[in-house]
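In listed order, ligands and their atoms are each counted from 1. The structure presented is a predicted model; accordingly, all values stated were derived computationally and were not measured.
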Amino acid sequence: MSEPKKLFIKTYGCQMNVYDSERMSEALGGQGYVETKTPDDADMILLNTCHIREKAAEKVYSELGRFKGLKVEKPDLKIGVAGCVAQAEGEEIMRRQPLVDLVVGPQSYHRLPEMEAKTRAGEKALDTDFPEEDKFEKLKNRPKAKRGPTAFLTVQEGCDKFCAFCVVPYTRGAEVSRPADRIIREAHDLVERGVREITLLGQNVNAYHGAGVNGDMTLAGLIWELNKVDGLERIRFTTSHPNDMADDLIEAHGTCDKLMPYLHLPVQSGSDRILKRMNRSHTAESYLRLIERIRAARPDIVMSGDFIVGFPEEAEEDFQATMDLVEEVKYGYAYSFKYSTRPGTPAAERAQVDPAAADERLQRLQALITRHQREIQDGMVGRTVRVLFEKPGRLPGQMVGKSEYLHSVHVKGPEIAVGDLKEVRITESGANSLAGELL
Ligand code: 5AD
Ligand code: SF4
């Protein structure tokens, strides 16, 4: 038998890219590739790129430039660009960086095996179509390898919301949901391979409306189906849009035992004027009322969110409205970003905020968020949580896992194994994690 070829994948950006990289690795596994942790001994290098913020394309070009030496040493090395920069830039990538052999958009990963063969024949391979077929079905020839206790599972992809700052509707395309039976089959398969917690992924996951046995299913319907899967202990989902937070989903947070008390629900801004300019079609008030209803269903839920500061035309009073909203919600986690211009999106054409003012606002917002995050984490001390253990900690005999609320928890105990789910009493709150002892 010939030596397996080696594949190095570098993943940027969101959790969906992590999931996609796994699928690409499995697809190329069928072509005789095994993954390697370094580009130095690779026969193929794939960059799975992100286009959401900053000078994404420039970063990819500079990363690609670094592979020049490797390609000289090993002319058979194939270099590919996948993900949202591949979708956005297309052929331009090969024009600007001729050492690239393959460019594949997020909707075309199932065509990777043919594309790889084409590069082996000395040709360039480009595919940035939005085909009709379910790429995940075509990617199914996966080896049944054992897996860690947590996994991502993509249920929905793309977005029709067209927020004025965002590239996702252009790079990931229109909103599409996978049929429920395929997702449930994949969940069973993951559980057989050792997975105990599944995070359902979608750019607009709560808009899920995949075909079920009795017509379209909602995300809550899908979660209830997954709740029946034996051996699966925990369900999470991300990322949600406030406008798609349906009644059945809110209710599930109070009644579905495997659904974890954590919700990522980005609001982006607390100013109605800015929300309107962002094309968000919700107000600060409607968002706050929504959170009230979610907390009525599940009082201990930990909220998480995303914020953009320095969106075009944002004035100090708009920013203050964001601070007020944060003060009212008190997020357990929140991700805040300085607005970055994405060419081709409506907001790119508008009057930009002075970068120094935006930096200063970002610092103030992050300080407030950090304070709340800290208070919520400290509030866990003395409480009993259930921890799903994921890996050994830094200290000998220590294991790390996640609580229901997604806090990292360190516990000493040689008897704990990866994949165990145990009750832990929290004793300490550190910089970024909790410590506790087994009950
Ligand atoms: N500038 C800054 N942040 C952005 N996000 C999306 N597009 C931009 C942009 N152009 C943020 C949003 C989104 C998160 C994934 O990234 O907050 O929820
Ligand atoms: Fe982008 Fe999310 Fe808005 Fe869709 S809903 S356009 S993915 S920020």
Side chains of Thr11 and Asn48, donor plus acceptor under 3.5 Å: no
Exercise: do Asp129 and Ser108 side chains pair donor with acceptor under 3.5 Å: no
Partners meeting side-chain hydrogen bond (donor to acceptor under 3.5 Å, both in side chains) with Asp420 (sequence neighbours left out): none
Ring geometry between His253 and Phe237 (parallel below 30°, tilted from 30 to 60°, perpendicular above 60°): tilted
Aromatic ring proximity Phe311/Phe337, centre distance under 6.0 Å: no
Ring centers of Tyr405, Tyr333 separated by less than 6.0 Å: no
From Leu200, Thr218, Leu219, residue fulfilling side-chain contact (heavy atoms from CB on, under 4.5 Å) relative to Asn206: Leu219
Neighbouring residues of ligand 1, heavy-atom cut-off under 4.0 Å: Ile52, Arg53, Phe165, Gln268, Asp306, Ile308, Phe337, Lys338, Tyr339, Ser340, Arg342
Test: Arg111 cationic atom under 6.0 Å from Tyr109 six-membered ring centre, within 45° of axis: no
Close residues, ligand 2: non-hydrogen atom nearer than 4.0 Å: Cys159, Lys161, Phe162, Cys163, Phe165, Cys166, Val168, Pro169, Asn204, His241, Arg280
Pairs flagged by salt bridge (charged side-chain N to carboxylate O under 4.0 Å, His left out) wherever residues 334-355 is involved - sequence neighbours left out: Lys338-Asp359
